[in-house]
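Presented below is the structure to which this report refers.
Everything numeric here is computed off the predicted structure, so don't read it as measured data. We're numbering straight along the sequence, starting at 1.
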Amino acid sequence: MFIKRLAFVLLIVAVLSSLVGTAVAQAEPQQFVVVYVEFKPANARAGGDVLQQLDALAEDSAGVIRFDVLQQIDRPNFFALFEVWSNAQTFEDFQNSSETQAILTQLTPLLEAPLDQRPGNLLTGTVNPRSRHAQARQIFVITHVDVDPQFVPQAQPLLNTFVADSLNDPGVQTFALLSQTPTLNHFQLVETFANLKAFEDHLSAQHTVDLRTNIDPLLGAPYDERLYQFVNP
């Protein structure tokens with residue numbers, strides 16, 4: 001009888017341990033990353049080709065959820081990467097792999113400035129799966145919002161409300177607020193619109209005007225909004 005009871009207790013402990021492990025794994029946050037890439041103007045096409053190699057490698061890597069190569073519309077030698085990984089470890093493993101390092105070595109002589117990598121976490125909003133069919137028309141917007149550290153408690157509710165309101169704008173397909181690690185007074189707004197008109201209509205919406213008016217005195221640097229298009233392989 002004692003042995004049966006002991007076996008039952010051990011079974012319960014094993015089940016509870018498994019559930020706890022699962023809960024911990026589920027609680028682990030996804031790793032978001034925005035990387036700004038500036039090539040020498042003459043190297044824009046070659047640099048874009050190397051970034052597509054990095055994209056192909058990432059898409060075959062464990063833990064990748066999304067990896068977008070973006071080209072700035074008004075400055076074609078400026079690119080950005082938008083990455084979502086299952087957790088910080090899978091991103092670190094990808095970064096440290098010999099294959100990734102080899103591609104990054106190819107990038108170095110093409111750059112006019114070092115890669116500006118900004119890891120962060122999702123604070124609010126929605127990042128929807130991308131649609132390759134619609135990417136040719138979509139506008140991808142990344143906005144760096146640098147808030148004076150003393151004003152973060154006032155600024156973050158404004159940004160949260162702005163995201164919630166903007167998700168209801170026509171043509172919005174992704175609208176999310178990211179924190180930057182470890183610089184928690186730096187935020188990234190990540191937005192995808194169906195087309196340029198949808199973006200322009202969003203700019204004219206009252207909640208956009210209100211956000212820009214109310215957050216301006218809280219900023220530590222200019223509101224840095226950049227428009228991109230997807231680079232398709």
Side-chain angles (χ1 to χ4, degrees), residues 24 26-38 65-68 70 72-75 78-92 94-96 104 111-128 139-169 172 174-193 199 202-228:
V24 170
Q26 291 176 343
E28 193 171 8
Q30 293 178 341
Q31 179 69 67
F32 288 74
V33 186
V34 174
V35 185
Y36 294 100
V37 186
E38 300 181 14
I65 296 173
R66 181 163 175 166
F67 196 101
D68 297 333
L70 310 162
Q72 192 167 325
I73 290 174
D74 58 337
R75 301 190 70 179
F78 279 33
F79 290 73
L81 304 175
F82 175 61
E83 309 174 31
V84 185
W85 297 84
S86 58
N87 53 51
Q89 186 61 56
T90 56
F91 168 65
E92 185 176 340
F94 172 72
Q95 283 291 103
N96 293 334
L104 294 178
L111 298 171
E112 70 176 24
L115 296 177
D116 183 357
Q117 181 172 283
R118 303 182 183 187
N121 297 305
L122 178 67
L123 295 178
T124 189
T126 302
V127 178
N128 290 317
I139 300 297
F140 198 112
V141 182
I142 303 176
T143 305
H144 178 67
V145 185
D146 181 344
V147 175
D148 188 312
Q150 64 180 319
F151 295 135
V152 169
Q154 295 99 306
Q156 189 163 344
L158 295 176
L159 291 167
N160 291 344
T161 299
F162 176 58
V163 171
D165 291 340
S166 298
L167 282 168
N168 296 317
D169 287 347
V172 168
T174 281
F175 213 102
L177 176 66
L178 311 180
S179 68
Q180 184 177 327
T181 307
T183 316
L184 299 181
N185 63 308
H186 289 184
F187 301 89
Q188 310 280 341
L189 287 166
V190 176
E191 314 157 22
T192 308
F193 297 87
F199 170 66
H202 161 75
L203 291 182
S204 300
Q206 189 59 48
H207 53 262
T208 302
V209 176
D210 291 343
L211 182 277
R212 295 299 303 273
T213 301
N214 295 329
I215 205 168
D216 185 72
L218 310 179
L219 297 178
Y223 192 85
D224 185 2
E225 184 177 69
R226 303 185 188 186
L227 275 64
Y228 297 88

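Of the inter-residue distances, the one linking N214 atom CG with D216 atom CG reads 9.5 Å to the nearest 0.5 angstrom. The OG atom of S166 sits 7.5 Å away from the CG atom of L211 when rounded to the nearest 0.5 Å. Note that CD1 of I142 is 5.0 Å distant from OH of Y36, once rounded to the nearest 0.5 Å. To the nearest 0.5 Å, atoms OG1 (T143) and CG (D224) are separated by 7.5 Å. How far CG of L123 is from CG of L159: 9.0 Å, rounded to the nearest 0.5 Å. R226 contributes atom CZ, which lies 8.0 Å from atom CZ of R75 (distance to the nearest 0.5 angstrom).
Closest heavy-atom contact between Q31 and A88: OE1-CB, 3.4 Å. The nearest pair of heavy atoms linking L122 to A176 is CD1-CB, 3.7 Å.
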Check: Which is it for F78 and Y228 under the ring-ring contact (aromatic ring centres under 6.0 Å, His included) test, yes or no, and what are the steps along the way?
Finding: CA-CA 9 Å; F78 279 33; Y228 297 88; 9.1 Å; no
Checklist line | side-chain contact (heavy atoms from CB on, under 4.5 Å) evaluation trace for V35 with E83 | finding: CA-CA 8 Å; V35 185; E83 309 174 31; 3.7 Å; yes
Item checked: Residues I139, I73; criterion side-chain contact (heavy atoms from CB on, under 4.5 Å); working and verdict -> CA-CA 9 Å; I139 300 297; I73 290 174; 3.8 Å; yes
Check: Hey, mind stepping through V127 and F82 against side-chain contact (heavy atoms from CB on, under 4.5 Å) and telling me if it holds?
Finding: CA-CA 11 Å; V127 178; F82 175 61; 4.0 Å; yes
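Using a 30° and 60° split on the angle between ring planes, W85 and F91 fall in the tilted class, from 30° to 60°. Between F199 and F193, the ring-plane angle classifies as perpendicular under the 30° and 60° cut-offs.
Every residue two or more places apart in sequence or in another chain that forms a side-chain hydrogen bond (donor to acceptor under 3.5 Å, both in side chains) with D169 is listed here: H202, H207. Partners of V152 by side-chain contact (heavy atoms from CB on, under 4.5 Å), not counting sequence neighbours, listed by chain and number: V147, Q156, N185, F187. For the side-chain hydrogen bond (donor to acceptor under 3.5 Å, both in side chains) test, residues two or more places apart in sequence or in another chain that qualify with Q117 are Q95.
Not a single donor-acceptor pair under 3.5 Å links the side chain of E38 to the backbone N or O of F79. Judged by distance alone, with hydrogens and angles left aside, the side-chain atoms of T90 form a donor-acceptor pair with the main-chain N or O of N87 at under 3.5 Å. For R66 (side chain) and N128 (main-chain N/O), a donor-acceptor pair under 3.5 Å exists by modelled atom type. No donor-acceptor pair under 3.5 Å is formed between the side chain of T208 and the backbone N or O of S204.
With L218 as the fixed residue, the side chain to side chain contact (heavy atoms under 4.5 Å, CB included) test singles out one of D146, L158, D148: L158. Among the candidates V34, V33, N121, the single residue satisfying the side chain to side chain contact (heavy atoms under 4.5 Å, CB included) test with L178 is V34.
Looking at heavy atoms from C-beta onward, H144 lies in side-chain contact with Q180 at the 4.5 angstrom threshold. Using a 4.5 Å heavy-atom cutoff, the side chains of Q188 and R118 are in contact. Counting only heavy atoms from C-beta outward, the side chains of L189 and V141 never approach each other to under 4.5 Å. Looking at V190 and F140, their side chains come closer than 4.5 Å, going by heavy atoms from C-beta outward.
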